[in-house]
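Since the structure comes first, as structure tokens, the remarks are kept for the end.
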Amino acid sequence: MILIKDLKHHEGESVTLKGWLYNKRSSGKVKFLIMRDGTGLVQLIVFKGNVTPEVFETADSLGRETSFEITGNVKKEERAIGGYEVDVADLKVISESHDYPITPKEHGTEFLMDHRHLWLRSKRQWAIMRIRHRIVKAIRDFFDERDFTLFDPPIITPNAVEGTSTLFETEYFDLGSAYLTQSGQLYAEAGAMALNKVYTFGPTFRAEKSKTRRHLTEFWMVEPEVAFYDLNDDMDLAEEFLEYIVQSVLKDRAEELKILERDTSKLELVKRPFPRISYTEAVEILHKNGVDFEWGEDFGAPDETIISNQFDRPVMVHRYPAAVKAFYMKRDPENEKLALAVDVLAPEGYGEIIGGSQREDELDKLLERIKEHNLPKQYFEWYLDLRRYGSVPHAGFGLGLERTVTWICGIDHLRETIPFPRMIYRNTP
RNA sequence: UCCGCGAUAGCUCAAUGGUAGAGCAUUCGGCUGUUAACCGAAGGGUUGUAGGUUCGAGUCCUACUCGCGGAGCCA
């Protein structure tokens, strides 16, 4: 048995293929079956004179997504999808399929999401899943090749990492309430003190009632954390990282990007250096574009679009007002009102894909922040220990996987970038 | 939580307050090169739920349910 993607190496040979019926066209004494096997599509020809009456009859009765096996001769054929077709000599049904719900015509999103487990078989979803995988591989390769150690944080945690977002709560035996993690970052900081360079990569959970095309309640995040890095080192890492991911996908997933009709010229531009502007400069851009915006507020989604539209590649916005950022971010020594934070905004209006910062490494200041934010100090004792025993400057960031996949694929809703999305009004299939 | 939009055949949609329709899908028939094939025929409906106005409601009114998009929050 061979895979459809390898057919080009078997021209003139008799091969056996196993797969599912993607589509079927019939013209009297010749039938065109399109088979998919998860690696590609191929046109199968069934001529009445070339097969037994039983096989011809069977080919006529196949329903969409019937699983079956064929044997036949591979030939080059310009008119066929993929450039090759197989002249069927024998055909065996593995398991029948009738009334497959998803047809070649348009469907609404709700219907497709209800049939997500089947929708994943379609070409477009196939392309997205393969790009997602390539991005995940690029993420792992990037860090693995640069002396980072994968460091898995707990999913179940006793407290809110940032104290702001709403968390999914669960009962944890006799220890009271526990929560699903919304970030592995604080644990990654412990890892960086132990292993120098670490990254976490796993699912995170936010119980926010967000209803937008940029939000899931369960999503994947990668978070590098590095000892002795400052904000500039952090930004250097982020831009090298994004360049690596995008260029890897361009190189290895050209076919999939084409299926998605992605304008790859926009991705070709994602090369270092990326523009770096301060929050204050970003506010000036908004003012120049006629936006009524007061210094000190956080940017909304439309604001981010205006800012990122000024540039042809991801833009790094740094030094935000500390008041709108998390308690663990270090203040700018040159201006205590600012946090040493950076957000990376993707181009083409895709918004924030990275949020990062240099962390507060002084014990006294961190204690102050925890008090200011009314966080339960007892849960942060271990985190404070990192400042008690040989504290060092360190920095890191978090990259949202699904938002990155959405941007690179050039699609308009991130629910298609994860096999089974979890959203406020959907937790099935 | 707020603002806006929507719900009619399996799917995507149409239907001045006056007999609920089309394309696709399904079934049957035709076609030896089709590309979401095409041609002919057939079956398929409690118009989201409950109430109201009217001689008459898919259409107008009220409430509810569900969904979609956006805001806020964030990756």
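Convention: sequence-line order gives letters A, B, ...; per-chain numbering from 1.
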Within a reach of under 6.0 Å around CD of A:E145, are more than 12 heavy atoms found that belong to other residues, nucleotides or ligands? yes
Taking N or O atoms only and anything under 3.5 Å, show me the protein contacts with nucleotides 64-68 of chain B, one pair per line.
{"residue": "B:G67", "atom": "O2'", "partner": "A:E110", "partner atom": "OE1", "Å": "3.3"}
{"residue": "B:C68", "atom": "N4", "partner": "A:K211", "partner atom": "NZ", "Å": "3.1"}

Taken in chain and number order and not counting sequence neighbours, the residues that satisfy side-chain contact (heavy atoms from CB on, under 4.5 Å) with A:R331 are A:A322, A:E336, A:R369, A:E372
A:R25 atom CZ is separated from B:C39 atom C1', nearest whole Å, by 17 Å
Practice item. Measure the shortest side-chain to side-chain distance between A:C409 and A:I131 over non-hydrogen atoms and say whether it is less than 4.5 angstrom. Key: yes
### Task
Could you give the distance separating B:U8 and B:U46 at their P atoms, to the nearest angstrom?
12 Å
Is there a donor-acceptor contact under 3.5 Å linking the side chains of A:E169 and A:S177? yes
Here the distance between atom P of B:C73 and atom CZ of A:F299, to the nearest Å, is 12 Å
- May I ask you to say what A:S26 touches in the nucleic acid, namely base, sugar-phosphate or nothing, with a heavy-atom cut-off under 4.0 Å? base
*asked:* Taking 5.5 Å and 30° as the limits, would you call A:F219 and the base of B:A75 a stacked pair?
replied: yes
The complete set of side chain to side chain donor-acceptor pair (under 3.5 Å) pairs with one or both residues in residues 303-319 of chain A, sequence neighbours excluded, reads A:R319-A:D332
From CG of A:N23 across to C1' of B:A25 the rounded distance in Å is 12 Å
Note to self: Does either side chain, that of A:Q358 or that of A:H394, offer a donor lying less than 3.5 Å from an acceptor on the other one?
What the structure shows: no
The side chain to side chain donor-acceptor pair (under 3.5 Å) partners of A:T103 (sequence neighbours excluded) come to A:H107
For A:Y179 and A:F205, I'd like to know if the aromatic rings sit close, meaning centre-to-centre distance below 6.0 Å.
no
Applying ring pair (Phe, Tyr, Trp, His ring centres under 6.0 Å) to A:F241 and not counting sequence neighbours gives A:F142, A:F143, A:F397
Note: contacts of residues 112-143 of chain A with RNA chain B (heavy atom, under 4.0 Å) are none
Rounded to whole Å, CG of A:D343 lies from C1' of B:A75 at a distance of 10 Å
Could you check whether A:R272 pairs with A:E243 (Lys NZ or Arg NE/NH1/NH2 to Asp/Glu carboxylate O, under 4.0 Å)? yes
The salt bridge (Lys or Arg N to Asp or Glu O under 4.0 Å) partners of A:D236 (sequence neighbours excluded) come to A:R276
Atom pairs under 3.5 Å: protein N/O with N/O of nucleotides 6-11 of chain B:
{"residue": "B:C11", "atom": "O2'", "partner": "A:E106", "partner atom": "O", "Å": "3.2"}
{"residue": "B:C11", "atom": "O2'", "partner": "A:H107", "partner atom": "ND1", "Å": "2.5"}

Sequence neighbours excluded, the answer for side-chain contact (heavy atoms from CB on, under 4.5 Å) partners of A:K371 is none
### Task
Give a yes or no on whether the ring-centroid distance for A:Y100 and A:W20 is below 6.0 angstrom.
no
Does A:R214 put a side-chain nitrogen or oxygen below 4.0 Å from OP1 or OP2 of B:G69? no
- prompt: Should the pair A:R422 and A:F219 be classed as cation-pi, given the thresholds of under 6.0 Å to the six-membered ring centre and 45° from the axis?
  reply: no
In RNA chain B, consecutive runs of at least three Watson-Crick or G-U pairs below 3.5 Å, as range with range, amount to B:1-7 with B:65-71, B:10-13 with B:21-24, B:26-30 with B:38-42, B:48-52 with B:60-64
Show me the donor-acceptor pairs within less than 3.5 Å that the side chains of residues 287-294 of chain A make with the rest of the protein, sequence neighbours left out.
{"residue": "A:H287", "atom": "NE2", "partner": "A:F293", "partner atom": "O", "Å": "2.6"}
{"residue": "A:N289", "atom": "ND2", "partner": "A:I285", "partner atom": "O", "Å": "2.8"}

Under a 4.0 Å heavy-atom cutoff, the residues of residues 84-99 of chain A touching RNA chain B are A:E85, A:D99
To the nearest angstrom, the CD-C1' distance between A:E297 and B:G72 comes to 12 Å
Query - Pairing of A:E256 and A:R130 as salt bridge, 4.0 angstrom limit - result: yes
